[in-house]
Amino acid sequence: MKLLVTAGGTLVPIDRVRAITNSFTGRTGARIALEAFRLGHTVTLLTSHPEAVAEVLGKKAPIDPRWLIISYRTFDDLQRSMRDSIASGGYDGIVHSAAVSDYRPSGIFALRPDTTFDEHDYSWHGDPRPALLDRAAGKIKSDESELWLRLVKAPKLVDLIRREWNFPGVLVKFKLEVDVSNEQLTEIAERSRLQSDADLMVANTLDGAAHYAFIGPRFGRYDRVAREELSAKLIDAIERRVQERKRG
């Protein structure tokens with residue numbers, strides 16, 4: 001079996017020296033990739049944290065024809081690497097565990113001198129009308145009393161895997177939620193899986209992520225698995241789905 005695993009988090013630039021990112025370390029994806037490799041599969045790991053492999057292993061990353069790490073930093077890097085890898089890779093499965101930015105910056109602005117923002121009722125005031133001044137630059141200056149960053153929706157890379165990149169194999173999507181019950185989590189996860197036409201979903205909550213996750217649907221349900229069993233259980237589920245597809 002040949003697998004593509006994405007891991008870590010994306011960075012979206014504000015200017016040439018500043019960016020928005022997240023705190024995901026890429027260890028989950030590294031563990032999944034290493035488990036697949038241990039079981040004899042060929043693995044490509046796209047990660048923003050290549051050092052996580054050695055951290056998980058406790059030694060240097062494997063040097064083997066079945067093992068390839070490709071590093072990325074930005075949202076655009078990951079999108080390009082996924083597109084190119086899927087086009088040329090011949091993968092049986094994709095495990096998309098990377099924490100991808102939902103929004104990306106589209107301009108940074110300062111208040112025009114006659115414009116104010118009331119933080120109590122969230123209203124704008126100005127004469128003749130409220131307006132902002134474009135402050136985009138290679139390095140945004142720090143002499144403004146306040147700046148406003150515009151964020152616009154980024155494309156969901158997991159949704160491009162089927163719809164634009166025409167991947168026919170087994171697709172695994174990840175879902176993280178906050179302040180929901182386990183029942184709500186699995187309901188949200190299943191809707192999200194169907195939206196992206198994924199075969200399997202790994203779902204967890206921010207508070208529970210260090211301890212357990214849900215994998216589904218397996219045998220028509222979502223199963224709660226301990227964190228230390230996640231990689232093995234997931235690879236087993238992928239292997240079963242790949243074999244089912246090959247049998248038709």
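The structure displayed is predicted, hence computed values, not measured ones.
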Chemist: Closest approach of F24 and A99, non-hydrogen atoms and distance?
Modeler: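 Smallest heavy-atom distance, with atoms named: CD1-CB, 3.4 Å.
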
Chemist: Do R66 and F37 form a cation-pi contact, if we require the NZ or CZ to be under 6.0 Å from the six-membered ring centre and within 45 degrees of the ring's axis?
Modeler: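 The answer is yes, since R66 meets both limits relative to F37.
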
Chemist: Working note: H125 + T115, criterion side chain to side chain contact (heavy atoms under 4.5 Å, CB included); need CA distance, chi angles, decisive distance, verdict.
Modeler: CA-CA 6 Å; H125 306 275; T115 294; over 6 Å; no

Chemist: To the nearest 0.5 Å, tell me how far L194 CG sits from R191 CZ.
Modeler: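 The CZ atom of R191 is 10.0 Å from CG of L194, to the nearest 0.5 Å.
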
Chemist: Would you mind writing out the side-chain donor-acceptor pairs for residues 198-208 within the sub-3.5 Å range, not counting sequence neighbours?
Modeler:
residue : atom : partner : partner atom : Å
D199    : OD1  : R245    : NH2          : 2.7
D199    : OD2  : R162    : NH2          : 2.7
D199    : OD2  : L171    : N            : 2.8
D199    : OD2  : R245    : NH2          : 3.1
T205    : OG1  : G208    : N            : 3.0

Chemist: CG/D84 to CD/Q79 distance, rounded to the nearest 0.5 angstrom?
Modeler: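 Reported to 0.5 Å precision, the distance equals 10.5 Å.
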
Chemist: Is there a path of hydrophobic side-chain contacts, each under 4.5 Å between heavy atoms of I/L/V/M/F/W/Y residues, joining L230 to F214?
Modeler: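 Different clusters.
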
Chemist: Dump the intermediate steps for side chain to side chain contact (heavy atoms under 4.5 Å, CB included) on I161 and I94, then the final yes or no.
Modeler: CA-CA 9 Å; I161 293 173; I94 296 175; 3.9 Å; yes

Chemist: Using modelled atom types only, decide if a donor and an acceptor are shared between the side chain of E190 and the backbone of E187 within a distance under 3.5 Å.
Modeler: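 Checking the backbone N and O of E187 against the side chain of E190, no donor-acceptor pair under 3.5 Å is found.
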
Chemist: Mind checking whether M1 and I32 sit in one hydrophobic cluster, side chains of I, L, V, M, F, W, Y counted as touching below 4.5 Å?
Modeler: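 Result: yes, single cluster for both.
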
Chemist: Under 6.0 Å from the six-membered ring centre of Y212 and within 45° of its axis: does the NZ or CZ of R224 meet both?
Modeler: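 Verdict for Y212: a cation-pi partner in R224.
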
Chemist: Less than 4.0 angstrom from a charged side-chain N to a carboxylate O is my criterion; do R240 and D236 meet it?
Modeler: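 Salt bridge flag = yes for D236 with R240.
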
Chemist: Whether R112 and D114 form a salt bridge (side-chain N of Lys/Arg under 4.0 Å from carboxylate O of Asp/Glu) is what I want to check.
Modeler: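 So D114 pairs with R112 through a salt bridge.
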
Chemist: Flag yes if L157 and Y72 sit in one hydrophobic cluster, no otherwise; membership is Ile, Leu, Val, Met, Phe, Trp, Tyr, and two members link when side-chain heavy atoms are under 4.5 Å apart.
Modeler: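 Linked within one cluster.
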
Chemist: Rounded to the nearest 0.5 Å, how far apart are CZ of R83 and OG of S88?
Modeler: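 Between R83 CZ and S88 OG, I get 10.5 Å after rounding to 0.5 Å.
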
Chemist: Determine the interplanar angle of the W148 and F117 rings, folded into 0 to 90°, and report it as parallel if under 30°, tilted if 30 to 60°, perpendicular if over 60°.
Modeler: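 Plane angle over 60°, so perpendicular.
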
Chemist: Give a yes-or-no answer on whether the side chains of E239 and H41 include a donor-acceptor pair shorter than 3.5 Å.
Modeler: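 Yes - a donor-acceptor pair under 3.5 Å links their side chains.
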
Chemist: What closest approach, in Å, do G29 and L45 show between heavy atoms, and which atom pair accounts for it?
Modeler: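 So the two residues come closest at O-CD1, 4.1 Å.
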
Chemist: Can you find a heavy atom in the side chain of W67 that is under 4.5 Å from one in the side chain of V53?
Modeler: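 Yes, close enough: below the 4.5 Å cut-off.
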
Chemist: Report yes if the side chains of R104 and D76 come closer than 4.5 Å at any heavy-atom pair, otherwise no.
Modeler: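 Yes, at least one pair of side-chain atoms sits under 4.5 Å.
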
Chemist: Check whether F174 and L78 end up in the same hydrophobic cluster, where Ile, Leu, Val, Met, Phe, Trp and Tyr are linked by side-chain heavy atoms less than 4.5 Å apart.
Modeler: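 Looking at the clustering, L78 is in a separate group from F174.
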
Chemist: Might you confirm whether atom CD of E146 has over 12 heavy atoms from other residues, nucleotides or ligands at distances under 6.0 Å?
Modeler: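 Counting other residues, nucleotides and ligands, CD of E146 exceeds 12 neighbours.
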
Chemist: Taking side chain as C-beta onward, heavy atoms only, is L111 less than 4.5 Å from T116?
Modeler: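 No, every pair of side-chain atoms sits at 4.5 Å or beyond.
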
Chemist: Is it the case that atom CD in E228 sees more than 12 heavy atoms from other parts of the structure closer than 6.0 Å?
Modeler: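 Counting other residues, nucleotides and ligands, CD of E228 exceeds 12 neighbours.
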
Chemist: Nearest 0.5 Å, what's the CD1-CH2 distance between I86 and W165?
Modeler: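 Answer rounded to 0.5 Å: 5.5 Å.
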
Chemist: Output the distance between atom CE (M82) and atom CZ (F167), rounded to the nearest 0.5 Å.
Modeler: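 Rounded to the nearest 0.5 Å, the CE-CZ separation comes to 10.0 Å.
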
Chemist: Less than 4.5 Å apart, any side-chain heavy atom of I238 and any of L3?
Modeler: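 Yes - at least one pair of side-chain heavy atoms lies under 4.5 Å apart.
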
Chemist: Quick one, R150 with I108, criterion side chain to side chain contact (heavy atoms under 4.5 Å, CB included). Give me CA distance, side-chain angles, the key distance, then yes/no.
Modeler: CA-CA 6 Å; R150 180 176 181 241; I108 189 160; over 6 Å; no

Chemist: Could you walk me through whether F109 and L133 pass side chain to side chain contact (heavy atoms under 4.5 Å, CB included), step by step?
Modeler: CA-CA 5 Å; F109 306 92; L133 301 172; over 6 Å; no

Chemist: Would you say the side chain of R80 lies within less than 4.5 Å of the side chain of F75, judging by non-hydrogen atoms?
Modeler: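 No. Closest side-chain heavy atoms not under 4.5 Å.
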
Chemist: What pair of heavy atoms forms the shortest contact from P105 to L149, and how long is it?
Modeler: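 Nearest pair, atom of P105 first, then L149: CB-CD1, 3.9 Å.
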
Chemist: Does any donor atom in the side chain of S85 or Y91 lie under 3.5 Å from an acceptor atom in the other side chain?
Modeler: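 No.
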
Chemist: Quick one: does any side-chain atom of H49 pair with a main-chain N or O of S71 as donor and acceptor, under 3.5 Å?
Modeler: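 Side chain of H49 to backbone of S71, a donor-acceptor pair under 3.5 Å: no, none is there.
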
Chemist: Tell me whether K233 at atom NZ has more than 12 heavy atoms from other residues, nucleotides or ligands lying less than 6.0 Å away.
Modeler: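 No.
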
Chemist: How close do A110 and R135 get, counting heavy atoms only, and between which atoms?
Modeler: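 Looks like CB-CG, 3.7 Å.
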
Chemist: May I ask you to say whether E244 pairs ionically with K246, meaning some side-chain N is under 4.0 Å from a carboxylate O?
Modeler: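 Not counted as a salt bridge, because no side-chain N and carboxylate O are separated by less than 4.0 Å.
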
Chemist: Verify the distance criterion only: is there a donor paired with an acceptor across the side chains of K173 and S192 at less than 3.5 Å?
Modeler: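 On atom types as modelled, these side chains qualify, holding a pair under 3.5 Å.
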
Chemist: Can you confirm whether K153 is buried at NZ, in the sense that more than 12 heavy atoms of other residues, nucleotides or ligands lie under 6.0 Å from that atom?
Modeler: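 Counting other residues, nucleotides and ligands, NZ of K153 exceeds 12 neighbours.
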
Chemist: Output the distance between atom OG (S81) and atom CG (L46), rounded to the nearest 0.5 Å.
Modeler: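 Rounded to the nearest 0.5 Å, the OG-CG separation comes to 5.5 Å.
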
Chemist: Got R221 and D223 here, is their nearest side-chain heavy-atom distance under 4.5 Å?
Modeler: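 When only atoms from C-beta onward are counted, D223 and R221 do touch, with a gap below 4.5 Å.
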
Chemist: Pair up each side-chain donor or acceptor in residues 5-15 with any protein partner under 3.5 Å, not counting sequence neighbours, and list the distances.
Modeler:
residue : atom : partner : partner atom : Å
T6      : OG1  : H96     : ND1          : 2.8
T6      : OG1  : S97     : N            : 3.2
T6      : OG1  : A98     : N            : 3.2
T10     : OG1  : S101    : N            : 2.9
T10     : OG1  : S101    : OG           : 2.6
D15     : OD1  : V17     : N            : 2.8
D15     : OD1  : R18     : N            : 2.7
D15     : OD2  : R18     : NH1          : 2.6
D15     : OD2  : I140    : N            : 2.9

Chemist: Using the rule that Ile, Leu, Val, Met, Phe, Trp and Tyr join whenever any side-chain heavy atoms are under 4.5 Å apart, tell me whether L34 and V172 fall into a single cluster.
Modeler: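 Linked, L34 and V172 end up in one cluster.
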
Chemist: Considering the options T28, V95, V225, which one meets the side chain to side chain contact (heavy atoms under 4.5 Å, CB included) requirement together with L234?
Modeler: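 The side chain to side chain contact (heavy atoms under 4.5 Å, CB included) with L234 is passed solely by V95 among T28, V95, V225.
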
Chemist: Can you confirm whether the side chains of R31 and S231 place a donor and an acceptor under 3.5 Å from each other?
Modeler: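 No, because no side-chain N or O of R31 sits under 3.5 Å from a partner of the opposite role on S231.
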
